[in-house]
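Just the heavy atoms: all of them, side chains too, but no hydrogens, waters or symmetry mates, feed the values below. Numbered from 1 within each chain, the chains take letters A, B, ... in sequence-line order. This structure is a prediction, so every number in the text was calculated from the model and none was measured.
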2 protein chains.
Amino acid sequence: MSLPHAILTALLEKPSSGLELTRRFDKSIGFFWPATHQQIYRELGRLEASGHIRALQPSGPVRGQKKEYEVLSEGRAELARWTAEGDAPRAVREPLLLRLRAAAVVGTDGLAAELQRHLTLHRAQLDDYLEIERHDFPVEAADGENRLQHAVLRAGIGLEAFWVQWLAETIEALPSDRP
Amino acid sequence: MSLPHAILTALLEKPSSGLELTRRFDKSIGFFWPATHQQIYRELGRLEASGHIRALQPSGPVRGQKKEYEVLSEGRAELARWTAEGDAPRAVREPLLLRLRAAAVVGTDGLAAELQRHLTLHRAQLDDYLEIERHDFPVEAADGENRLQHAVLRAGIGLEAFWVQWLAETIEALPSDRP
DNA sequence: TTACCCATGTAATAAGTTACATGATTTG
DNA sequence: CAAATCATGTAACTTATTACATGGGTAA
């Protein structure tokens with residue numbers, strides 16, 4: 001039940017249409033909770049039906065017409081409630097790790113290339129995050145209003161840095177490297 | 001499509017019944033791909049139907065009777081195929097990070113306690129992993145047959161260590177800490 | 001013999017993915 | 001006006017979660 005709350009957060013930061021939300025997800029909240037435009041439209045419909053948000057232009061819902069949404073007080077209350085709520089940390093669910101376990105049984109063919117490919121991807125993502133940090137959280141304005149957003153970005157940076165390091169180590173230690 | 005391959009890997013390591021698989025998932029493969037017994041039974045049924053595995057006791061499938069499965073050569077081939085296959089790294093999807101973003105908008109009530117709770121959980125998981133490492137991968141037998149399994153465990157250790165550090169930093173920097 | 005655990009399963013729901021459909025607006 | 005793009009949606013399918021059902025064995 002996280003997607004509706006991710007959407008409420010995004011809409012509180014700035015009222016938007018479905019497609020605008022999709023774009024913003026692709027480069028912000030979606031780093032930690034990806035969603036396609038189909039999911040977002042479906043969820044916007046539900047949030048509107050439950051009175052958490054409303055469309056700004058009350059004109060007839062014509063297909064192909066942009067529809068902006070804003071959060072109502074009920075939506076804000078629901079988001080505050082959810083924010084204080086607790087849950088267990090999410091498990092990892094990374095298929096690459098399963099592939100390593102499988103490779104221990106059926107052989108490591110193709111594994112080195114796959115690890116290398118992931119390393120490249122994670123390095124690129126890490127660079128993206130660091131660029132965002134340089135741009136949005138410059139050192140001279142350290143820790144102002146947006147301490148929380150910065151903490152979230154730091155999590156992304158830390159996770160990518162971990163993967164980069166682990167992949168490099170694991171590639172190094174792979175049997176095929178030592179004939 | 002990872003669960004069937006996780007099950008094939010587990011069954012190759014050791015033929016098991018559904019409930020035994022569930023138990024083993026809870027303390028091994030399931031760290032990186034959790035599954036409930038319902039998921040596992042369903043998937044075992046599919047794998048049997050598609051000829052990848054077979055039940056050992058061919059007696060009538062009586063409800064409540066233990067049923068052991070083993071992997072057939074088709075299943076091993078399928079697992080090898082999948083292992084060499086590639087896919088994109090999984091996104092993070094951690095609701096706690098969404099809560100931080102939400103808290104930046106609706107307030108940080110309850111957030112510190114939740115971060116503290118996660119810190120405790122991640123510390124415990126890290127300790128569990130380190131204990132497993134001490135037990136299963138002692139330094140004197142460094143890097144033998146099970147280099148790959150060790151790499152997977154190292155990933156778990158690295159991820160938990162990251163969360164412990166990030167949570168400690170973030171709790172420290174939380175506004176409510178400085179009145 | 002009741003209660004508990006082992007073991008396998010069904011059903012319903014929610015969430016996520018993939019493919020496709022449709023209208024409006026801009027641009028060559 | 002044809003093609004591309006913006007924008008909103010439907011439909012079908014797969015995966016994951018939650019709750020419940022059923023039967024067998026064992027021990028208080």
Between atom [atom1] in [X] and atom [atom2] in [N], what is the gap in whole Å?
| X | N | atom1 | atom2 | result |
| --- | --- | --- | --- | --- |
| Tyr69(A) | dG9(D) | OH | C1' | 10 Å |
| Lys66(B) | dG9(C) | NZ | P | 14 Å |
| Arg90(B) | dT15(D) | CZ | P | 11 Å |
| Ile7(B) | dA16(D) | CD1 | C1' | 13 Å |
| Asp87(A) | dT17(D) | CG | C1' | 14 Å |
| Arg93(A) | dA15(C) | CZ | C1' | 12 Å |

Sole residue of Lys66(B), Lys14(B), Lys27(B) in salt bridge (charged side-chain N to carboxylate O under 4.0 Å, His left out) with Glu20(B) | Lys66(B)
Residues forming a salt bridge (Lys or Arg N to Asp or Glu O under 4.0 Å) with Arg117(A), sequence neighbours excluded = Glu114(A)
Would you check if the side chain of Arg99(B) reaches a backbone N or O of Trp82(A) as a donor-acceptor pair within less than 3.5 Å?
-> yes
Do Asp109(B) and Thr83(A) come close enough that some side-chain heavy atom pair is under 4.5 Å?
-> no
Measure the shortest side-chain to side-chain distance between Phe25(A) and Ile7(A) over non-hydrogen atoms and say whether it is less than 4.5 angstrom.
-> yes
Can you tell me if His52(A) and Glu74(A) form a side-chain donor-acceptor pair at under 3.5 Å?
-> no
Given dA7(D), dA16(D), dT8(C), the nucleotide with the shortest approach to the side chain of Leu3(B) | dA16(D)
Can a side chain N or O of Lys67(A) be found less than 4.0 Å away from OP1 or OP2 on dT8(D)?
-> no
Near DNA chain C, which residues from residues 36-53 of chain B have a heavy atom under 4.0 Å away?
-> His37(B), Gln38(B), Tyr41(B)
